[in-house]
Amino acid sequence: MDDRFSRLNEYRNMWVMVFFDLPTEKRIDRKRATRFRKQLLDDGFGMFQFSIYTRFCASRENAQVHIKRVKSILPKNGNIAIMQITDKQFAMIELFHGFEEVESKPPPQQLELF
């Protein structure tokens, strides 16, 4: 593959990140928080940290589809933020476990049908 196309994909491929802080004091709140997390998983998001979920998307248009889905399942209470960044930006993340730097995992392979 031509190197130009590889660089273009780094800017075309997107990561959607969902950050949330949901109430869990009441039983109904815990149920809502659990349902929200399960719905994110069902839509292909993976847990990055306990309240941060990420999803790789092959294009900005595909990212918008998943952002729209997240907006449709927002719980009644709590704080939720949705952010999208390019694959190139996500690749620059520095991960640590204590003082030890951790190697980031490559994005999942996506099957695209045209």
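Residues: numbered from 1 along the sequence shown. Worth knowing before you read on, the calculation uses all heavy atoms, side chains too, and leaves out hydrogens, waters and symmetry mates.
- Using a distance-only test at 3.5 Å, with no hydrogens or angles considered, no donor-acceptor pair links the side chain of E100 to the main chain of H97.
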Could you go through F48 and L95, starting from their C-alpha distance and side-chain angles, then the distance that decides it, and tell me whether this counts as side-chain contact (heavy atoms from CB on, under 4.5 Å)? CA-CA 11 Å; F48 187 76; L95 302 173; 3.6 Å; yes
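- Considering CZ of F90 and OG1 of T54, their distance stands at 5.0 Å, rounded to 0.5 Å.
- Within 6.0 Å of atom CD in E101, more than 12 heavy atoms from other residues, nucleotides or ligands are found, so the atom counts as buried in its surroundings.
- Other residues, nucleotides and ligands contribute over 12 non-hydrogen atoms within 6.0 Å of the CZ atom of R30.
- Separating the CD atom in Q64 from the NE2 atom in H66 is a distance of 11.0 Å, to the nearest 0.5 Å.
- From N13, atom CG reaches atom CD of Q89 across 12.5 Å, with rounding to the nearest 0.5 Å.
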Side chains of residues 67-80: which donor-acceptor pairs under 3.5 Å do they make with residues two or more places apart or in other chains?
{"residue": "R69", "atom": "NH1", "partner": "D43", "partner atom": "OD1", "Å": "2.7"}
{"residue": "S72", "atom": "OG", "partner": "R69", "partner atom": "O", "Å": "2.6"}

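- Note that CE of M14 is 8.0 Å distant from CD1 of I85, once rounded to the nearest 0.5 Å.
- Using a 4.5 Å cut-off between side-chain heavy atoms of Ile, Leu, Val, Met, Phe, Trp and Tyr, with links allowed through other members, M47 and M17 fall into different hydrophobic clusters.
- The neighbour count for F50 CZ, taken as heavy atoms of other residues, nucleotides or ligands under 6.0 Å away, does not exceed 12.
- In this structure, W15 CH2 and K88 NZ are separated by 15.0 Å, a value rounded to the nearest 0.5 Å.
- Centroid-to-centroid, the aromatic rings of F20 and F36 come within less than 6.0 Å.
- Criterion: ILVMFWY side-chain heavy atoms under 4.5 Å apart, direct or through other members. Under it, L22 and L41 are part of a common hydrophobic cluster.
- Of the possible polar contacts, none joining the S51 side chain to the F19 backbone as a donor-acceptor pair under 3.5 Å is found.
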Using the rule given for side-chain contact (heavy atoms from CB on, under 4.5 Å), can you reason through L40 versus V18, listing the C-alpha separation, both sets of side-chain angles and the distance that settles it, and then say yes or no? CA-CA 9 Å; L40 289 174; V18 179; 4.3 Å; yes
